[in-house]
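Structure record follows, encoded as C-alpha cells.
Residue numbering restarts at 1 for every chain, and letters A, B, ... go by the order of the sequence lines. Keep in mind that the numbers below use all heavy atoms, side chains included, and drop hydrogens, waters and symmetry copies.
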Amino acid sequence: MKKEEFLNNVAELLEIEIKDFEQEIKIDSIGTMTLISFIDENFDKTIKMDAFEQVKSVNDLIKLVGEDLFE
Amino acid sequence: MNNLFDLQNKNILITGATSNIGIALSKLLVSFGANLILLSRNFEKLQEIKKEINNNNVNIFRFDLSDDIKKQLSEILIDDRKIHGFVHIAGISFTKPLKLLNYKDFESIFKINVYSALEIIQVISHNKYIDEQVGSSYVLISSIRTKKLENLLSLYSMSKSSLNTMAKALAIELSNKKIRVNSILPAYIENSGMYDNIVSKFDEKKIEELKTQHLLGFLSPNDVANSCLFLLSNLSTKITGTNIIIDSGFSLK
C-alpha cells in the first residue's frame, strides 16, 4: 500500500479530515479497534491496543506498522 | 452403581473435533462408553487425538464444512448405524468493525457457523439414522456474546444468535422423532482458539477487566464438555429448545 493511500484510508475509517502526515489526530477506543482490524487485514500484522497510546499522527501509525511494509 | 451418564453404544458426531473443546469432549464421552465420529479439516491432528484416546470407538474423518456436506456425509454414514448425538463445535470468529465488513465475510462465517450445522442436521435427522426408542440429542455451541455483546463482533454475534434460534426452531420441528436440540452459550474459555485469537489484540487492562467479570474465573474446555455431556445424556430427557448459559456470571452485570 502507498503511504498516501494509507492516509486516505485512515481518514475514511476515523471519519475525519487529515491534511498531512504530521497532523495531530485523536483516536478513540473504537477508532483504535478499527485501525487494528484494518492493519491486521491489510498488513497481516497484529498490533495491540496499548501501542496506540503513542500514536499522534499518521506518520506515527506508519512507524507502528513498519515503514518497510509500504510501497 | 447407577451410571446416569451411560452412553454405551451411542454414536455421537462432532464437528470441530480438533479444537480444545472437541478434544476435552471426546475424552469425556469415550469414558462413558460412547462411539465417536470426529470431523475436522485437520486429519493429522485427528490421528494424534485418536492415538491419545487409544480407544477403538473413535472414528475419524477429514471433513470440510465449507465444502459439499451431503457428499462428505454420504461417504461417512455408510452402514445402518444410528446417530444418537451431534455436537457442533466448529466455528470461526473475527473482530471487524462495521466499516470493513463485506459479503464474503458474511458468507463464510454463516456457512461454517450456521448453515453447515443445519445441513448436517438435515441429513442425520432422517428416520433411518434415528433410534425410535431413544431419539437423539443435538448440541450447538453458541456464545455468551449473543446475550452480552461486544463491540466489533457484529457478524460473529449474529451467526451465533442464529444457532440459538436454530435450537428452538428445530426443537419444535424434530420433536416428533424424539430429537432434542439445544444450544450452549459459554463465556471466555481459556486455552481455546477463540480466546487466543481475540485476546491477542487486547491490552493487559482489558484482559484483567474481562477476568474480573467472570465471577468464577474463565471457563476451561472441560466446562463446555461437561455441559454437552449433560445435554447428550438421559439426565436432560425433557430439555429441548433451550439456550443454556455457562458464563461464570459474566452476563450478570
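For A:Thr46, the part lying under 4.5 angstrom from a heavy atom of chain B is the side chain only. Using a 4.5 Å cut-off between heavy atoms, A:Ile36 touches chain B through its side chain atoms alone. Heavy atoms of A:Glu12 lying under 4.5 Å from chain B belong to its backbone as well as its side chain.
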### Task
Would you sort out whether B:Phe218 and B:Tyr195 count as a ring pair (Phe, Tyr, Trp, His ring centres under 6.0 Å), showing the intermediate values?
CA-CA 10 Å; B:Phe218 286 130; B:Tyr195 181 86; 5.3 Å; yes
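For the pairing with B:Tyr156, the side chain to side chain contact (heavy atoms under 4.5 Å, CB included) check across B:Glu150, B:Lys96, B:Arg145 returns one residue only, B:Arg145.
Between A:Glu71 and A:Lys2 there is a salt bridge, since at least one side-chain N of the basic residue sits less than 4.0 Å from a carboxylate O of the acidic one.
Residues B:Ser40 and B:Thr18 have side chains that bring a donor and an acceptor to within less than 3.5 angstrom of each other.
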